[in-house]
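So the structure is just underneath, and the comments pick up after that.
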Amino acid sequence: MISFKHVNKHFGDFQVLTDINLEIKEGEVVVVVGPSGSGKSTLLRCINRLETITDGELMVNKKLLNSKDTNINDLRKEIGMVFQHFNLYPHMTVLENITLAPRKALGISTAEANETAMFYLNKVGIPDKADSYPSQLSGGQQQRVAIARGLALKPHIMLFDEPTSALDPEMIGEVLDVMKTLAKDGMTMVVVTHEMGFAHEVANRVVFMDHGRILEESEPAAFFSNPKEDRARLFLSRVLNH
Amino acid sequence: MDFIGAYSLGNLLFLLKGLGTTLLVAFIAIIFSFLIGSILGILRYAKIPVLSGIVALCVEVIRNLPLLLIIFFTFFALPEVGIKLSVTMAAITALIIFESAMLSEIVRSGLNSIEKGQIEAARSSGLTYMQTMQHIILPQALRRMVPPIVSQFISLLKDTSLAVVISLPELLHNAQIVNGKNVNYVIPTFLLIAVIYFLVNYSLSLVARRLEIKERTNRKSTGKVLPAKHQAGEMMQ
Ligand SMILES: Nc1ncnc2c1ncn2[C@@H]1O[C@H](COP(=O)(O)OP(=O)(O)O)[C@@H](O)[C@H]1O
Ligand SMILES: [Mg+2]
């Protein structure tokens, strides 16, 4: 479903991603971990071309991402994205936030879009907030709305960039629960997170990055009990010991 | 001081006529400079190669010139190259040139004040650049722009008095003519036109303040907004 082959990415002179090779199959949940600045967000953002790759080959849904023939707006409709800071539209209600892209990008009628939006609001557990504005919600509720907004396009892939990092600790659980349900339903997910419990429980694979390279790719049980790389071991001891 | 003489019906009507000219010139200049300023601001924001650069250069030059110089330019210099404008047209043209540059900066910074994350969220859901502009950037930016735009309109209204130098028959100009009749009229007349300027501009700023309060209560901030480190440039292509 997602395939990186020898992908490099530069910001000017600075190489953020070096020789990335990664295959993600349909229905897989891949958790990307690594120190801050190691290129996790950039890797994720290449998948829907919020960042363009410098060279190599990146296929998403059998389409070449950096090809002129690929309509990026069409491809993006198949990929939901959830951000660290939610990025809800503050001037729109929850319902409008969720229905905007289905109505404008997919061309679905307002009635149908509202129905779909309510379905996903139920799924994330806050149907009663449909007419609220984002500022009236807690961080956890905002992030669940953001997830519903991503799902409303009925995407094949969901990308999460540190979805719980901006949340107060007591709200992390409610967001992770929604993501766990999503994973059980068979959604293809790429998740950048520091929540090692989530990785352990839900991931099919854990990808460890450092300095723009993928250093290790293992099943979670193996990764957490016996990381192959010294740097992964060091990283784990840091994140698990506090 | 001769208040009775200064405030004769004839003088009052004459001053009122001056106010009419002030308001008319300001109104026309506001409409056009708002349209032109919006277009220039959006062009600069959109970072179109070459074009945005040219706009930026022109705006920066004009913004850093005294308005008085631009008024002299449209009235005294343009005829030298064959463009002869009436006093009123020269004043309006100068105001439009200057205020468009000022307003374009307000529009540009209003657009720039929208967090990158907003644009990323919209673009990553498959909305096009124009759809993102229409549904996400403009509605939020406009709300933030209204107060500074109204302030700029107030400056514009006051700046119409600079056209006294090319004898535009606006409020200040007509006041000077009244003063010319009798030196005892000077203080009463200046007092009166000060009150008039104040009332007109203060009511405009009341409108601005009302909009500002409304904007502040309307603005629904989304959680913690951190400066986005990712540039929107690539994604806007
Ligand atoms: N738009 C950009 N321009 C220049 N450098 C960037 C940009 N975005 C990220 N970087 C740099 O790339 C590196 C990787 O960033 P990122 O992918 O955000 O890392 P992570 O998500 O793992 O913390 C960092 O050193 C960061 O400063
Ligand atoms: Mg990151």
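A, B, ... follow the sequence lines: proteins, then strands. Residue 1 opens every chain. What you see is a predicted model; the values in this text were computed from it and never measured.
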Checking side-chain polar atoms at under 3.5 Å, does Ser113(B) have a donor or acceptor matched by the opposite partner on Arg144(B)? yes

How would you list, by chain and number, every residue that makes a ring pair (Phe, Tyr, Trp, His ring centres under 6.0 Å) with Phe14(A), sequence neighbours excluded? none

Could you please state which residues from residues 97-111 of chain A sit under 4.5 angstrom from chain B, measuring non-hydrogen atom to non-hydrogen atom, sorted by number, or 'none'? Leu100(A), Ala101(A), Lys104(A), Ala105(A)

Counting only non-hydrogen atoms closer than 4.5 Å, does Leu153(A) touch chain B with its backbone (N, CA, C, O), its side chain (CB onward), both, or neither? side chain

Can you give the donor-acceptor pairs under 3.5 Å from side chains of residues 149-165 of chain B to other protein atoms, not counting sequence neighbours?
from: Ser151(B); atom 1: OG; to: Pro147(B); atom 2: O; distance (Å): 3.1
from: Gln152(B); atom 1: NE2; to: Glu99(B); atom 2: OE1; distance (Å): 2.7
from: Ser155(B); atom 1: OG; to: Ser151(B); atom 2: O; distance (Å): 3.3
from: Thr160(B); atom 1: OG1; to: Leu157(B); atom 2: O; distance (Å): 2.5
from: Ser161(B); atom 1: OG; to: Lys158(B); atom 2: O; distance (Å): 2.6

Give every donor-acceptor pair under 3.5 Å between a side-chain atom in residues 28-40 of chain A and any protein atom, sequence neighbours left out.
from: Glu28(A); atom 1: OE1; to: Lys25(A); atom 2: N; distance (Å): 2.7
from: Glu28(A); atom 1: OE1; to: Arg205(A); atom 2: NH2; distance (Å): 2.7
from: Glu28(A); atom 1: OE2; to: Arg205(A); atom 2: NE; distance (Å): 3.2
from: Glu28(A); atom 1: OE2; to: Arg205(A); atom 2: NH2; distance (Å): 3.1
from: Ser38(A); atom 1: OG; to: Pro35(A); atom 2: O; distance (Å): 2.6
from: Lys40(A); atom 1: NZ; to: Gly34(A); atom 2: O; distance (Å): 3.0
from: Lys40(A); atom 1: NZ; to: Pro35(A); atom 2: O; distance (Å): 3.0

Basic-acidic side-chain contact under 4.0 Å: Arg108(B), Glu105(B): yes

Is it true that Glu78(A) and Lys154(A) make a salt bridge, defined as a side-chain N closer than 4.0 Å to a carboxylate O? no

